[in-house]
Amino acid sequence: MKKVVSGADEAIQDIPSGAILMLGGFGLCGIPENCIAALVKKGINNLTCISNNAGVDDFGIGLMLQKKQVKKMISSYVGENAEFERQMLSGELEVELVPQGTLATRCMATAYGMPAVYLLAGYGTEVADGKEVRNFNGKNYLLENAFNSDFAIVKAWKGDTQGNLIFKDTARNFNPLMAMAGKITIAEVEELVEPGILDPNFIHVPGIYVHRIFQGLHYEKRIEQRTVRKVSK
Amino acid sequence: MYYNLYQKKLQQFMLNKEQIAKRIAQELQDGFYVNLGIGIPTLVANYIPDGLDVVLQSENGLLGMGPFPYEGEEDPDLINAGKQTITTIPGSAFFDSAMSFGMIRAGKVHLTVLGAMEVADNGDIANWKIPGKMVKGMGGAMDLVAAAQNIIVAMQHTNPKGESKLLSKCTLPLTGVGCVKKVVTDLGVFNITENGFECIEYAPGVTIDEIIAKTAGRITIAPTVKEIAI
């Protein structure tokens, strides 16, 4: 069971143009920086990306948008990105907007082997268009399908060679769900250790879900909104 | 958060944003788990009454959101749903996005405060999309309004053109249907009832006639209507 790969280039080497990818992260927090850079370098295109956001112009998925590698984005919020806006308005880029909790829960459904779930969000709005509605206990729910993705690419804080993963702070976000939902899951971690180092009580994603793992390099971890308070005098 | 307030002792007409936040903070109860949206709702955190144990939920995966970090202590792995750097407090907990919306959907979050472009007198809300303009997405707003037990909207009573934002029917694409329970504007406090908006409080210097004139939806005045105390 060899899961450890040499780096991002090897981890993504068999991802073809036209693939459906899940990419972890919330804004620029907890995004798989190394794999995104490798995807940009590889230059594959026609990708469908399932990710809560689409990065900013010069970082995150924004880098893939600049090289016109993305055919379709499935996200809950896509502001903060001028090139995204240009491609969307010109019709080059297809965009499916999904409520954030629905996005997370559709990932969860995939992760737990469930074909679909009934969710409240979006009933009575345009999100409900074309979806089956069912009433449970007096409330109307939409039938939302699990995602079908080819590869999930996630970023964790620590991992071991068995593929066990631990996330840090709010960099967890969509990463565990997507890690568990990928047909093939690629995890880049800040620190890769031997089995037995990580306490089994504190594993967020067990290694069974992870197919490839490597220790990433040179994390930039860009901050979108740097907010601070003054030291009180 | 944690702004210094310089309260001017000028005669007040209508509430400013800080005062709207302050009024909403009066709705908090001990033991509440609360999700605050971006804008005026964020300011509510500054006015949590002393002695109340209120826990803030950030839907990107944190319960127990603390204030902004001191300069130099920002951590890119620790942000709120507005992507701002924040801190934890003793007793905080992290979780993934599915659990975050799971706790919202299951009714564990007692109160959601969010802004709106329009609210209808049946509790419909529109706050995510203006057709013809760039659409940025609904984020977590649709999930929050569909599921939270209690939803309070914080907004200006009229738009920049002076048109009412309290309508009989929303004109913009909906975020959720029949979900808003209360609206706090610069002019007053309104419950959503079977008879539409019910004015229960008015801002200092604002008349009931003005409120009625600036409310396009159905409106009644509560017999116990009184001036907002902040």
Side-chain angles (χ1 to χ4, degrees), chain A residues 26-30 52-53 75-81 85 88-89 95 97-109 111 119-127 139-140 157 167-177 204 219-232, chain B residues 1-4 58-62 65 67-88 92 94-102 104-105 124-126 128-129 134-147 173-179:
Chain A
F26 182 95
L28 300 178
C29 182
N52 190 54
N53 312 89
S75 303
S76 84
Y77 188 82
V78 293
E80 339 301 346
N81 194 322
E85 186 171 343
M88 180 172 152
L89 294 174
V95 179
L97 292 170
V98 178
Q100 194 177 132
T102 298
L103 187 74
T105 310
R106 289 174 67 188
C107 292
M108 192 200 78
L119 299 176
L120 277 169
Y123 172 74
T125 77
E126 63 187 51
V127 165
K139 275 188 176 174
N140 289 312
W157 179 31
F167 302 89
K168 179 172 166 283
D169 297 4
T170 55
R172 190 182 318 185
N173 56 64
F174 285 82
N175 280 300
L177 303 163
H204 293 132
Y219 282 102
E220 189 177 332
K221 294 194 180 184
R222 211 182 280 186
I223 292 174
E224 270 183 82
Q225 307 281 342
R226 187 179 299 276
T227 43
V228 296
R229 68 184 139 146
K230 298 268 182 276
V231 179
S232 51
Chain B
M1 269 179 234
Y2 300 92
Y3 296 105
N4 286 319
S58 189
E59 66 264 27
N60 58 320
L62 169 62
M65 179 165 57
F68 295 144
Y70 291 116
E71 197 160 355
E73 293 178 3
E74 311 93 290
D75 180 347
D77 290 330
L78 182 47
I79 62 171
N80 64 17
K83 285 125 188 171
Q84 297 171 312
T85 46
I86 48 159
T87 57
T88 54
S92 290
F94 295 114
F95 35 86
D96 67 56
S97 299
M99 187 181 285
S100 179
F101 286 94
I104 290 165
R105 208 180 285 128
D124 289 358
I125 176 173
W128 76 283
K129 182 176 183 179
M134 170 57 190
V135 178
K136 290 174 187 275
M138 66 291 279
M142 283 193 183
D143 311 274
L144 282 160
V145 300
L174 293 178
T175 308
V177 292
C179 50

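Below, read A as the first sequence line, B as the second, and so on, with proteins coming before strands; counting in each chain starts at 1. Both backbone and side-chain heavy atoms feed into the values below; hydrogens, waters and symmetry mates do not.
Between B:G176 and A:T125 the shortest heavy-atom distance is N-CG2, 4.0 Å. Closest non-hydrogen pair, B:F68 versus A:R229, comes out as O-NE, 2.5 Å. For the pair A:A121 and B:A146, the tightest heavy-atom approach, listed with the atom from each and the gap, is CA-CB, 3.7 Å.
Between chain B and the options A:S76, A:A171, A:P176, the largest number of non-hydrogen pairs under 4.5 Å is found for A:S76. Annotation: maximal heavy-atom pairing with chain B below 4.5 Å, among A:N175, A:V95, A:N53, occurs at A:N53. Counting heavy-atom pairs closer than 4.5 Å to chain B, the top residue among A:P99, A:G79, A:A104, A:G124 is A:P99. Of the listed residues (B:D143, B:L174, B:L144), the one with the most heavy-atom contacts under 4.5 Å to chain A is B:D143. Contact count against chain B (heavy-atom pairs under 4.5 Å) is highest for A:R172 among A:K139, A:R172, A:R106. Ranked by non-hydrogen atom pairs under 4.5 Å with chain B, the options A:V228, A:N52, A:L120 are led by A:V228. Contacts with chain A were tallied for B:S58, B:C179, B:A98, B:S92; B:A98 has the most, counting heavy-atom pairs under 4.5 Å.
We find the NZ-CG distance between B:K136 and A:N81 to be 9.5 Å, quoted to the nearest 0.5 Å. Put simply, CD on A:Q225 and CD1 on B:I86 are 13.0 Å apart, with the number rounded to the nearest 0.5 Å. Atom CG of B:D77 is separated from atom NZ of A:K221 by 3.5 Å, given to the nearest 0.5 angstrom. Here the OG-CZ distance, from B:S100 to A:F26, works out to 9.0 Å after rounding to the nearest 0.5 Å. Atom-to-atom distance recorded for A:K168:NZ and B:D75:CG is 3.5 Å, nearest 0.5 angstrom. The line from CG of A:D169 to OG1 of B:T88 is 7.0 Å long, rounded to the nearest 0.5 Å.
Residue A:L103 does not touch chain B at all, counting heavy-atom pairs closer than 4.5 Å. With a threshold of 4.5 angstrom between heavy atoms, B:T175 approaches chain A through N, CA, C or O but not through any side-chain atom. For A:V127, the part lying near chain B is the side chain, with the backbone staying farther off; criterion is any non-hydrogen pair under 4.5 Å. Looking at B:E59, both its backbone and its side chain come within 4.5 Å of chain A, counting heavy atoms on both sides. For B:V145, no part lies under 4.5 angstrom from a heavy atom of chain A. At a 4.5 Å heavy-atom cutoff, the contact between B:F101 and chain A is made by side-chain atoms alone. Heavy atoms of B:A126 lying under 4.5 Å from chain A are absent altogether. Residue A:Y123 touches chain B through both its backbone and its side chain, counting heavy-atom pairs closer than 4.5 Å.
When side chains are defined from C-beta on, A:Y77 counts as touching B:K83, because their heavy atoms get closer than 4.5 Å. Contact annotation: the side chain of A:T105 approaches that of B:R105 to within less than 4.5 Å [non-hydrogen atoms, C-beta and beyond].
Judged by distance alone, the side chain of A:T170 and the main-chain N or O of B:G61 form no donor-acceptor pair under 3.5 Å. Here the side chain of A:T227 pairs a donor or acceptor atom with the backbone of B:T85 at under 3.5 angstrom.
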> What do the steps show when you test A:L97 against B:M138 for side chain to side chain contact (heavy atoms under 4.5 Å, CB included), and what is the final call?
Replying inline: CA-CA 7 Å; A:L97 292 170; B:M138 66 291 279; 3.9 Å; yes
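For B:E71, the CD atom counts as loosely surrounded, since its 6.0 Å shell holds 12 or fewer non-hydrogen atoms of other residues, nucleotides or ligands.
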